Participant: 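Pasting a structure below so you can have a look.
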Amino acid sequence: FPGLADVSISQDIPVEGEITVPVGSQSPDDDYSTLDEPVKDTIMRDLKAVGKKFVHVMYPRKSSALLRDWDLWGPLVLCVSLALMLQGGSADSKDDGGPQFAEVFVIIWFGAVVITLNSKLLGGTISFFQSLCVLGYCVMPLTVAMLVCRLVLLAGAGTVSFIVRLIVVGAMFAWSTLASTAFLADSQPPNRKALVVYPIFLFYFVISWMILTFTPQ
Amino acid sequence: VGPGRAGPGRAGPGRAGADTVSAPAQGGGSAVIDMENMDDTSGSSFEDMGEMHQRMKEEEEEEAEGEAGAGEEEDGEFLGMKGLRGQLGRQVADQMWQVGKRQASRAFSLYANIDILRPYFDVEPVQVRARLLESMIPVKMINFPQKIAGELYGPLMLVFTLVAILLHGMKTSDTIIREGTLMGTAIGTCFGYWLGVSSFMYFLAYLCNAQITMVQMLSLLGYGLFGHCITLLVTYNIHFHSLFYIFWLVVGGLSTLRMVAVLVSRTVGHTQRLILCGTLAALHMLFLLYLHFAYHKVVEGILDTLEGPNMPPFQRVARDIPVVSNAVLNTTAKTIALTL
């Protein structure tokens, strides 16, 4: 192949050149290239988003911020803290710890998945992770109730404390259900809202019941 | 040779490398770059080489215009040293596309599986309420096959409600589960009953030539749990044995009668009707009995007054579940084995 003779280059000529990547100006790319920002900015942005969602849960209004930018950080933190606080409440002190934590964790996530599937099967327009996000964030009042219950139990475990705990847990349970209903029921056809609300009611009822019957050892 | 192009310099080592690299390509699924492609056409024909030479000269000229899509000019033909980079890039892109497509189709089929269940959840709240009330009313007309709604929302919600009630009962009776969790036991019991007994009854219905589908059986049995829910809700909180027996007979009996009547209307033949209905009635009533006695709280003193002074006073003990449930499970398994 005589035509190839001048195609190959000898080994001692270094191959050199420059690779230039066209970099646009910094300002329009600020929103899209977050890879170069300092870690503090990233964390603060995520924390602010999570905090905003907590505020939305505390004062449930019909806003779409919770739905639009869903994230699962808040639910994870709430779930882990609730599971940690519910630990050590079993009657038999030999086998506390392990099953309790896993139990609560699995109940919350499995329950949320079932409710999401149910709402999707009933013709909901909300996506899987958006629904998980809302249900997870609405566990927050119940976590607050758990904190209050633990503090009340520190003071004593009599009938009065039981009544106080019952009132607190009941109020928080109603708040959780109302908050999640405010977000989730809008995505359903109007005549089927009750069908979606009932499993949410049952889900938060089970969690409230676990909180209420918690007795520290 | 234009700047920034190391392709031609790799002619010798590139080809030698291709010989030694053994990259068996098994279909499109391997993650290994297929070097044999390049091997086949390397140095194939004079015309190819000439054409390649020509293209490279053209490429030198349009190097100033940028490197936009250098790999996209070639379409499937080997261009030797210069084409090595383009071929590689294209193969990688190809494989990534195939992997992505595979993942997308798998995800889609998973989503489509949910859609299979969609028609069974197509209900209105009024329909659910009506069916709940109907599940306690036995039908009178058994000569005409009764309609069973093949719906899964109501039964599923009833099973979950039963789980919640069971949990409440277990906690108030201070049940200790040694190898497991309360929640796991409750879910396992309720779902096991619903799915297991439905499957068993469907199998029996198949043997006895009854006109019923699996979804209808699930729905029928699920709605029958409504009676269980009511009974347990009341008797876990009010602990009178006689109250429980009354509820067991009346409420349990009504829901059993309804299920039995519907099944009878869909079966022909006396023996078959007897087998089906006997089994269903027995399992349904025994399940309620089991749920009550395995997890209820015995209040000392009340039994004395109800059942006469001859009975020794009951102690309130925390039930050790494995002993009781093992015994019940063993007997149940034996009876099922005997009937089969």
Side-chain angles (χ1 to χ4, degrees), chain A residues 1-11 13-20 22 89-92 94-95 98-104 106-107 110-111 114-124 128 189 191-199 201-203 205-206 209-210 212-215, chain B residues 1-13 43 46 48-50 52-54 56 66-67 80-82 111 114-115 117-129 152-154 156-157 160-161 163-164 167-168 171-172 174-184 186-187 318:
Chain A
F1 301 100
L4 280 178
D6 40 46
V7 170
S8 61
I9 56 175
S10 52
Q11 299 290 351
I13 297 181
V15 175
E16 57 182 48
E18 44 182 89
I19 299 176
T20 53
S90 62
D92 192 1
K94 279 206 303 271
D95 52 359
Q100 290 294 93
F101 183 91
E103 205 174 336
V104 175
V106 163
I107 287 172
F110 177 67
V114 165
I115 294 177
T116 309
L117 284 179
N118 175 59
S119 79
K120 283 187 86 64
L121 283 170
L122 284 173
F128 184 73
N191 51 343
R192 294 201 184 171
K193 286 207 195 338
L195 295 184
V196 177
V197 169
Y198 179 69
F201 167 85
L202 210 56
F203 174 60
F205 179 78
V206 169
W209 166 88
M210 279 198 295
L212 194 58
T213 59
F214 170 77
T215 49
Chain B
V1 179
R5 197 151 3 125
R10 274 198 262 124
F46 189 69
D48 282 349
M49 290 301 115
M52 190 180 55
H53 187 53
Q54 175 69 23
M56 275 189 309
E67 307 194 314
M81 302 66 76
K82 180 189 85 66
Y111 183 69
I114 297 181
D115 271 337
L117 293 176
R118 208 179 271 269
Y120 304 127
F121 280 75
D122 191 15
V123 285
E124 307 290 320
V126 281
Q127 280 179 320
V128 175
R129 196 173 53 226
L152 288 180
Y153 173 82
L156 201 65
M157 288 306 128
F160 280 123
T161 313
V163 168
L167 225 52
H168 168 65
K171 261 290 181 156
T172 53
D174 295 328
T175 304
I176 303 173
I177 310 266
R178 288 211 191 274
E179 295 116 22
T181 60
L182 283 181
M183 195 71 195
I187 290 184

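Note that this is a predicted model, so its numbers are computed, not measured. Every chain is numbered from 1 and lettered A, B, ... according to where its sequence line falls, protein lines coming before strand lines.
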Participant: Tell me whether Phe128(A) at atom CZ has more than 12 heavy atoms from other residues, nucleotides or ligands lying less than 6.0 Å away.
Facilitator: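 More than 12 within 6.0 Å, yes.
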Participant: Distance from Asp122(B) atom CG to Arg192(A) atom CZ, nearest 0.5 Å?
Facilitator: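 Answer for the CG-CZ pair, Asp122(B) versus Arg192(A), is 4.5 Å.
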Participant: Please flag which part of Val123(B) lies under 4.5 Å from any non-hydrogen atom of chain A: side chain, backbone, both or neither.
Facilitator: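 Both backbone and side chain of Val123(B) come within 4.5 Å of chain A.
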Participant: So Tyr198(A) and Phe160(B), do their side chains get closer than 4.5 Å, heavy atoms only?
Facilitator: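 Sidechains of Tyr198(A) and Phe160(B): no contact.
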Participant: Among Asn191(A), Leu117(A), Val114(A), Val206(A), which residue forms the greatest number of heavy-atom pairs with chain B at distances under 4.5 Å?
Facilitator: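 Ranked by contacts with chain B, first place is Asn191(A).
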Participant: Considering only heavy atoms, which portion of Leu195(A) lies under 4.5 Å from any heavy atom of chain B: side chain, backbone, both, or neither?
Facilitator: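 The answer is both parts of Leu195(A).
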Participant: Once you round to the nearest 0.5 Å, how far does CZ of Phe201(A) lie from CE of Met157(B)?
Facilitator: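 Spacing of CZ (Phe201(A)) from CE (Met157(B)) equals 13.0 Å.
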Participant: Given a strict heavy-atom distance threshold of 4.5 Å, which part of Val106(A) is in contact with chain B: side chain, backbone, both, or neither?
Facilitator: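 Contact with chain B involves no heavy atom of Val106(A) at all.
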Participant: Working to the nearest 0.5 Å, report the span between OH of Tyr153(B) and CG of Asn118(A).
Facilitator: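 Rounded to the nearest 0.5 Å, the OH-CG separation comes to 5.5 Å.
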Participant: Hey, could you give me the CG/CD1 distance between Leu167(B) and Ile107(A), rounded to the nearest 0.5 Å?
Facilitator: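 Rounded to the nearest 0.5 Å, the CG-CD1 separation comes to 6.5 Å.
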